[in-house]
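In each ligand, atom 1 is the first atom listed, and ligand 1 is the first ligand listed. Values reported hereafter were calculated over all heavy atoms of this structure, with side chains retained and with hydrogens, waters and symmetry mates removed.
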Amino acid sequence: MGHKVSYEQANAAFAKLSEEYEIWAPKRFPKKGRYSDTDMIRYDKVSSVEEIEYKEKSDMPAKEVLTPISESLFYFTEDEYIESKATSKKLLIFMRPCDIHAQHHQEKIYLSNGNFEDMYYKRMNEKVKIVMMECTEGWDTCFCVSMGTNKTEDYAAAVRFCDGELLMDVKDAELAPYFDGTAADFKPEYIEKNQISLTIPEIPNKEVLTKLKNHPMWNEYNSRCISCGACTVACATCTCFTTTDLIYNENANVGERKRTTASCQVKGFDDMAGGMSFRKTAADRMRYKVLHKFHDYKARFKDFHMCVGCGRCVDRCPEFISIVATVNKMSKAIDEIVAEQK
Ligand code: SF4
Ligand code: SF4
């Protein structure tokens with residue numbers, strides 16, 4: 001059993017909730033897109049249902065609420081450091097199913113990878129309640145069905161946007177009184193078929209993996225990929241960051257430590273002291289990213305591939321490089337290597 005809630009009732013609920021919650025959702029920023037006449041859809045705080053952009057996919061994923069592109073971690077002097085302040089409110093975040101799955105990958109990396117807990121991520125993550133935005137049609141670059149991320153039961157509330165009203169399934173006892181509306185028969189539905197699909201390749205053994213790493217298929221990215229990193233910044237699951245100390249004045253001991261999103265696709269990402277660099281070419285970096293999403297992560301954590309099929313890397317790439325086409329080429333290369341082994 002669900003509820004039907006008018007926009008007016010929902011906005012009154014938002015107003016009451018905002019005493020305790022920040023409400024985050026995809027929002028349209030006119031003329032802030034890649035070109036002067038295109039819009040940007042990204043996460044921001046909202047105070048009314050009308051502000052939520054639900055008819056189009058957001059350019060940026062929900063991860064930017066918990067891990068913004070740039071954030072201050074702490075402030076320091078010679079004698080002490082002071083942790084930056086996190087919001088004191090709880091967070092209600094509207095997300096699609098793929099972004100909810102991506103959130104689990106983020107949790108794994110920030111909270112349990114190598115038995116290390118990132119306190120800055122944790123302090124935000126423990127405040128989150130998810131409102132799942134029903135997604136039944138997707139867009140031309142989505143392949144969530146192939147990745148198994150098209151469905152989820154992990155939400156405090158689920159919502160279908162209808163003209164002027166919401167249909168809601170509220171599971172969370174704390175949220176329920178805010179959205180009680182009139183009773184309605186509603187259970188969220190999920191997309192069952194995307195416009196594109198991807199067959200996830202299996203790499204049968206280490207020998208095939210080694211040969212795949214040296215396969216000539218990667219070379220085309222030396223001329224195609226400009227190593228801008230746009231794909232990873234927009235990726236729902238990428239977590240890499242770098243840290244920088246901002247020094248306020250001539251005293252190098254007084255300042256602020258910031259962390260900023262970093263990208264394995266940008267030259268210099270893996271430079272080490274002494275001048276060592278692991279991946280010197282765009283082809284090396286592309287191979288690393290694709291294998292990380294479609295082999296290494298699952299090999300390490302033994303559960304899911306890292307990619308959730310949101311397609312944002314495809315949407316954002318200025319060189320029209322598609323991860324689906326790349327993985328399909330990888331499957332073909334694996335088949336060739338396996339055939340040679342027989
Ligand atoms: S690799 Fe591309 S499709 Fe996969 S989660 Fe990242 S942005 Fe989405
Ligand atoms: S794949 Fe595209 S978006 Fe990613 S670094 Fe290369 S050119 Fe930039």
Is Asp284 reaching over with its side chain to a backbone N or O of Lys280, donor-acceptor style, under 3.5 angstrom? yes
Indicate yes or no for a side-chain donor-acceptor contact from Asn194 to the backbone of Val145 under 3.5 Å, with no hydrogens or angles considered. yes
Flag for Thr232-Gln265: side-chain donor and acceptor within less than 3.5 Å: no
Testing the 3.5 Å rule here: is there a donor-acceptor pair between the side chains of Glu78 and Asn251? yes
Through direct or indirect side-chain contacts below 4.5 angstrom among Ile, Leu, Val, Met, Phe, Trp and Tyr, which residues connect to Tyr288? none
List every atom of ligand 1 that sits less than 4.0 Å from any heavy atom of Phe143, numbering the atoms from 1 in the order shown and giving each element. 3 (S)
Protein-derived N, O or S atoms lying under 2.8 Å from atom 6 (Fe) of ligand 2, waters excluded: 1
Out of Asp59, Asp99, Thr141, which residue meets the side chain to side chain donor-acceptor pair (under 3.5 Å) rule with Arg312? Asp99
Which residues and atoms, protein N, O or S only, are under 2.8 Å from atom 8 (Fe) of ligand 1? Cys310 SG
Side chains of Gln9 and Asp180: any donor to acceptor distance under 3.5 Å? no
Pairwise salt bridge (Lys or Arg N to Asp or Glu O under 4.0 Å) hits with a residue in residues 291-306, at least two apart: Lys108-Asp303
Decide if atom NZ of Lys89 counts as having more than 12 heavy atoms of other residues, nucleotides or ligands within a radius under 6.0 Å. yes
Tell me, please, whether Tyr155 has Lys171 positioned over its six-membered ring: NZ or CZ under 6.0 Å from the ring centre and within 45 degrees of its axis? yes
